[in-house]
Amino acid sequence: MIKTVDLTKKYGDAFAIKSIDLDLEAGDLFGFIGPNGAGKTTTMRIIATLLEPSWGEAYVCGHSVHTHPKEIRRLVGYMPDFFGVYDDMTVVEYLEFFAAAYRISGKQREDRVSEMLDVVDLDFKRDAFANTLSRGQTQRLGLARTLLHDPQVLLLDEPLSGLDPRARIEMRNLLRKLGEMGKTIIVSSHILPELADVCNKVGIIDRGELKQNAKVTEIIKMVRQHTVLVIQTTNRDSLDQVARLLEGHEKVQGTEPGDDAIRVVLKAGVEEYSDLPRLLIENGIDLRRFSEEQLDLESAFMALTQGTSRRM
Ligand SMILES: Nc1ncnc2c1ncn2[C@@H]1O[C@H](COP(=O)(O)OP(=O)(O)OP(=O)(O)O)[C@@H](O)[C@H]1O
């Protein structure tokens with residue numbers, strides 16, 4: 001549905017993006033993650049045919065941005081990170097204005113606008129002036145505008161930025177809903193955890209280069225080369241004994257005692273460790289907790305964008 005090959009944009013000697021290869025299938029919800037200035041907007045604007053690449057290709061439904069930009073514009077809805085709303089227009093007038101620009105007329109325009117207000121849950125604000133909306137409501141209005149011509153592909157630039165926690169949840173639910181409607185979506189953010197649970201695929205871009213492009217679960221696996229166990233005992237004093245029993249075990253790389261738990265770092269590649277709790281129990285240890293430490297996505301993101309693996 002969306003494919004880029006060696007997509008590159010240079011400004012003078014500087015690369016805004018460098019050889020980006022993406023391949024998204026219909027229905028994919030792709031989280032495009034990277035810090036400020038990484039190249040997310042540049043990539044999306046090229047796919048939306050608003051910016052020409054220096055070289056390389058981008059295709060939407062098989063149409064090239066070089067040869068078939070008009071066809072692509074019909075298929076794509078692009079929502080920029082910042083957009084203006086007109087002071088003297090109500091929400092309905094604003095959407096009708098853009099529907100007219102898409103040559104949707106008469107009763108069809110009225111129906112389409114009402115339908116979109118419904119999708120983004122903004123019907124209760126239909127007669128409010130657009131410039132009186134909150135940031136979250138403005139983003140939803142922007143999304144309604146992007147959806148007017150029923151695009152199959154959505155390119156949403158940082159739709160969650162600047163939203164309060166509640167508005168974030170609402171926008172995430174809306175993204176899920178659009179995914180269920182069968183849209184193919186690229187949504188950018190500079191925060192991985194913000195999108196991880198809505199997206200099926202994630203790409204991490206840093207300084208114009210795509211560092212990773214995979215499923216969220218795979219990304220976590222790539223960062224975490226070692227399994228880490230967290231062990232607690234009913235009696236705090238027996239943690240030292242746990243350390244003694246596990247240090248030097250063939251599956252254990254090292255132990256890190258803490259105040260009320262001990263972290264046990266397994267050797268690279270060790271995933272099966274059922275003999276370890278058995279060993280502890282056989283030695284009279286009363287276990288309160290024996291679990292794998294979850295790697296948080298924030299750390300995964302930091303590790304991936306800094307090009308270093310998390311120290312274990
Ligand atoms: N018109 C331009 N002229 C020169 N450099 C530019 C231009 N547009 C973008 N750049 C540079 O290209 C790089 C990528 O910018 P881009 O806006 O794509 O990043 P981004 O990931 O969208 O960042 P943000 O999250 O801040 O919007 C940046 O270093 C930026 O300074």
Side-chain angles (χ1 to χ4, degrees), residues 29-45 47-48 50-51 76-99 101-102 112-151 153-181 183-199 202-205 297-298 301:
L29 215 165
F30 179 71
F32 199 26
I33 317 286
N36 290 339
K40 307 178 295 289
T41 302
T42 303
T43 309
M44 285 199 273
R45 284 177 60 82
I47 297 171
L50 299 171
L51 186 68
V76 167
Y78 170 65
M79 180 163 120
D81 45 357
F82 290 101
F83 54 90
V85 287
Y86 305 108
D87 291 359
D88 53 353
M89 275 190 187
T90 64
V91 164
V92 162
E93 286 164 353
Y94 178 83
L95 290 178
E96 290 198 336
F97 174 81
F98 284 99
Y102 285 120
R112 187 76 192 143
V113 166
S114 291
E115 202 186 319
M116 288 310 104
L117 283 174
D118 218 28
V119 169
V120 303
D121 200 13
L122 213 54
D123 195 48
F124 71 111
K125 285 282 181 185
R126 59 185 299 131
D127 297 318
F129 281 101
N131 64 341
T132 64
L133 300 182
S134 70
R135 167 92 181 146
Q137 290 162 351
T138 306
Q139 290 294 78
R140 301 211 306 268
L141 177 60
L143 200 48
R145 170 186 151 183
T146 308
L147 291 166
L148 280 171
H149 64 299
D150 196 21
V153 170
L154 293 175
L155 307 172
L156 311 177
D157 200 353
E158 307 244 8
L160 297 166
S161 95
L163 302 188
D164 63 35
R166 190 190 171 84
R168 257 160 218 263
I169 292 171
E170 285 166 359
M171 184 55 88
R172 276 210 298 255
N173 288 340
L174 190 48
L175 292 177
R176 278 199 197 95
K177 188 154 117 186
L178 294 171
E180 285 159 14
M181 284 162 71
K183 309 276 183 203
T184 306
I185 305 173
I186 297 184
V187 51
S188 74
S189 171
H190 51 279
I191 308 168
L192 176 59
E194 187 166 86
L195 286 180
D197 56 343
V198 258
C199 297
V202 168
I204 294 181
I205 185 169
L297 288 163
E298 197 90 48
F301 177 52

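All values derive from a computational prediction rather than experimental measurement. Along the sequence shown, residues are numbered consecutively beginning with 1.
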> Yes or no on side-chain contact (heavy atoms from CB on, under 4.5 Å) for Ile186 and Val153, after CA distance, side-chain angles and deciding distance?
Replying inline: CA-CA 8 Å; Ile186 297 184; Val153 170; 6.0 Å; no

> Are the aromatic rings of Phe98 and Tyr94 close, with centres under 6.0 Å apart?
Replying inline: yes

> Should Phe82 and Glu158 be marked as a side-chain contact (heavy atoms from CB on, under 4.5 Å) after you check the CA-CA gap, both sets of side-chain angles, and the distance that decides it?
Replying inline: CA-CA 9 Å; Phe82 290 101; Glu158 307 244 8; over 6 Å; no

> So, does Lys40 use its side chain to make a donor-acceptor pair with the main chain of Pro35 at under 3.5 Å?
Replying inline: yes

>> For the NE2 atom of His190 and the CG atom of Leu160, what is their distance to the nearest 0.5 Å?
In response: 10.0 Å

> Could you give the distance from CG (Leu178) to CG (Asn173), rounded to the nearest 0.5 Å?
Replying inline: 11.0 Å

>> Leu155 vs Thr146, test: side-chain contact (heavy atoms from CB on, under 4.5 Å). Steps then yes/no.
In response: CA-CA 9 Å; Leu155 307 172; Thr146 308; over 6 Å; no

> Taking it one step at a time, do Met79 and Leu143 satisfy side-chain contact (heavy atoms from CB on, under 4.5 Å)?
Replying inline: CA-CA 7 Å; Met79 180 163 120; Leu143 200 48; 4.1 Å; yes

> Can you tell me how far the CZ atom of Phe30 sits from the OG1 atom of Thr184, to the nearest 0.5 Å?
Replying inline: 12.5 Å

> Between Leu195 and Phe32, is any pair of side-chain heavy atoms under 4.5 Å apart?
Replying inline: no

> Rounded to the nearest 0.5 Å, what separation is found between the NZ atom of Lys183 and the CG atom of Leu29?
Replying inline: 12.5 Å

>> Donor-acceptor pair, distance only, cut-off 3.5 Å: does the side chain of Arg135 make one with the backbone of Asp164?
In response: no

> If we only count heavy atoms from C-beta on, is the Ile169 to Arg172 side-chain gap below 4.5 Å?
Replying inline: yes

> Of the non-hydrogen atoms in Leu133 and Ala128, which two are nearest, and what is the gap between them?
Replying inline: CD2-CB, 4.5 Å

> Are any of the side-chain heavy atoms of Asp157 and Arg45 separated by less than 4.5 Å?
Replying inline: no

> Any side-chain heavy atom of Glu96 within less than 4.5 Å of one from Met89?
Replying inline: no

> Between Lys177 and Glu180, is the closest basic N to carboxylate O distance under 4.0 Å?
Replying inline: no

> Nearest heavy-atom pair of Gly136 and Ala167: which atoms, and what distance?
Replying inline: CA-CB, 4.2 Å

> Pick from Asp150, Leu148, Asp123, Leu141: which one makes a side-chain contact (heavy atoms from CB on, under 4.5 Å) with Met116?
Replying inline: Leu148

>> On a heavy-atom basis, which atom in Val113 and which in Ala99 lie closest, and how many Å separate them?
In response: CG2-CB, 4.4 Å

> Nearest heavy-atom pair of Asp121 and Arg140: which atoms, and what distance?
Replying inline: O-NH2, 3.0 Å

> Where is the tightest heavy-atom contact between Arg176 and Val198, given as atom of each residue plus distance?
Replying inline: CG-CG1, 3.3 Å

> How about Arg145 and Leu95: do any of their side-chain heavy atoms sit closer than 4.5 Å?
Replying inline: yes

> When rounded to the nearest 0.5 angstrom, what distance separates CG in Leu174 from CG in Leu156?
Replying inline: 9.0 Å

> How about Cys199 and Val187: do any of their side-chain heavy atoms sit closer than 4.5 Å?
Replying inline: yes

>> Please give me the minimum heavy-atom distance between Gly179 and Ile185, naming the atom from each residue.
In response: N-CD1, 3.9 Å

